[in-house]
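Inspection log for the structure reproduced underneath, given as structure tokens.
In what follows, residues are counted from 1 in the order of the sequence shown.
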Amino acid sequence: MDLHSAHRILEAEAARTGLGTGPNRRLRLTLFIGMPLFLPVLGLMIVVPKPVMPVVLHVYEAGIIGCLLHYVWVFAKYPRYADRPPYLTRDLAMGGGFYLPSLFFGFWPGMIAAPAWSVFVGVTYAVEVWRGRREHGWEPGAD
């Protein structure tokens, strides 16, 4: 085993367990910070004066949009499945997790964008696999 192979195996294991490295770490931290943050936001909305409640909510909604845009940015850096680090496709699809906090607060752009994002990542992965099979001589119905 050469040094490059050993390094690739180490990166794959780090990406699979824990927070990973590189873009995997950034996406997981985005999800782990942004998604459960709705509980402290809810607590803050309970204790702040009534006129300030919409401001707190809008700031959190802007945070959800920022998190989803971060997912788009990482996807733009690694658009091809073959060029992505291990498990990055799975981490990109986890952006759909922002559906629940959006649903909780009734933030309809997040309720639409989060599941649509997961479907988009899944479809692009399926297209990449289909293209790869076509390039290597696989034809539908030839199985």
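With hydrogens and angles ignored, the 3.5 Å screen pairs a side-chain donor or acceptor of Asn24 with a backbone N or O of Pro86. Between the side chain of Arg84 and the backbone N or O of Thr89 there is no donor-acceptor pair closer than 3.5 Å. A donor-acceptor pair under 3.5 Å links the side-chain atoms of Ser118 to the main chain of Ala93, judged by distance alone.
Pairing each heavy atom of Leu88 with each of Leu27, the nearest pair is CD1-CD1, 3.6 Å. In this structure, Pro40 and Pro36 approach most closely via the heavy-atom pair CD-O, 3.4 Å. Considering all non-hydrogen atoms of both residues, Phe98 and Gly34 come closest at CE2-C, 3.7 Å. Heavy atoms only, all atoms of each residue included: Leu68 and Gly95 are closest at CD2-O, 3.8 Å. Shown here for Ser102 and Gly110, the closest heavy-atom pair between the two residues is OG-CA, 3.3 Å. The two residues Tyr99 and Ala114 make their nearest non-hydrogen contact at N-CB, 3.4 Å.
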Next on the checklist: Phe120 vs Phe75, test: ring-ring contact (aromatic ring centres under 6.0 Å, His included). Steps then yes/no.
Outcome noted: CA-CA 11 Å; Phe120 172 73; Phe75 184 85; 5.1 Å; yes
Checklist entry - Which is it for Arg28 and Tyr87 under the side-chain contact (heavy atoms from CB on, under 4.5 Å) test, yes or no, and what are the steps along the way? => result CA-CA 11 Å; Arg28 290 175 188 176; Tyr87 298 100; 4.1 Å; yes
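Hydrophobic clustering (side-chain heavy atoms under 4.5 Å, transitive across Ile, Leu, Val, Met, Phe, Trp, Tyr) keeps Val119 apart from Tyr125. Residues Trp108 and Leu100 are members of one and the same hydrophobic cluster, defined by side-chain heavy-atom contacts under 4.5 angstrom among Ile, Leu, Val, Met, Phe, Trp and Tyr. Grouping the Ile, Leu, Val, Met, Phe, Trp and Tyr side chains by contacts below 4.5 angstrom, directly or via other members, places Val127 apart from Leu92. Linking Ile, Leu, Val, Met, Phe, Trp and Tyr whenever their side-chain heavy atoms come within less than 4.5 Å leaves Val55 and Val48 in two separate clusters. Ile65 is connected to Phe38 through a chain of hydrophobic side-chain contacts under 4.5 Å among Ile, Leu, Val, Met, Phe, Trp and Tyr, so both are in one cluster.
The NE2 atom of His70 sits 4.5 Å away from the OG1 atom of Thr30 when rounded to the nearest 0.5 Å. With rounding to the nearest 0.5 angstrom, the CE atom of Met94 is 13.5 Å from the CH2 atom of Trp117.
Two residues are said to be in side-chain contact when any heavy atoms from C-beta on lie closer than 4.5 Å; Val47 and Leu44 meet this criterion. At least one side-chain heavy atom of Leu31 sits less than 4.5 Å from a side-chain heavy atom of Tyr71. In this structure, the side chains of Val56 and Val52 come closer than 4.5 Å at one or more pairs of heavy atoms. At least one side-chain heavy atom of Leu42 sits less than 4.5 Å from a side-chain heavy atom of Phe104.
Note: Tyr60 and Phe105 have perpendicular aromatic rings, judged against thresholds of 30 and 60 degrees for the angle between ring planes.
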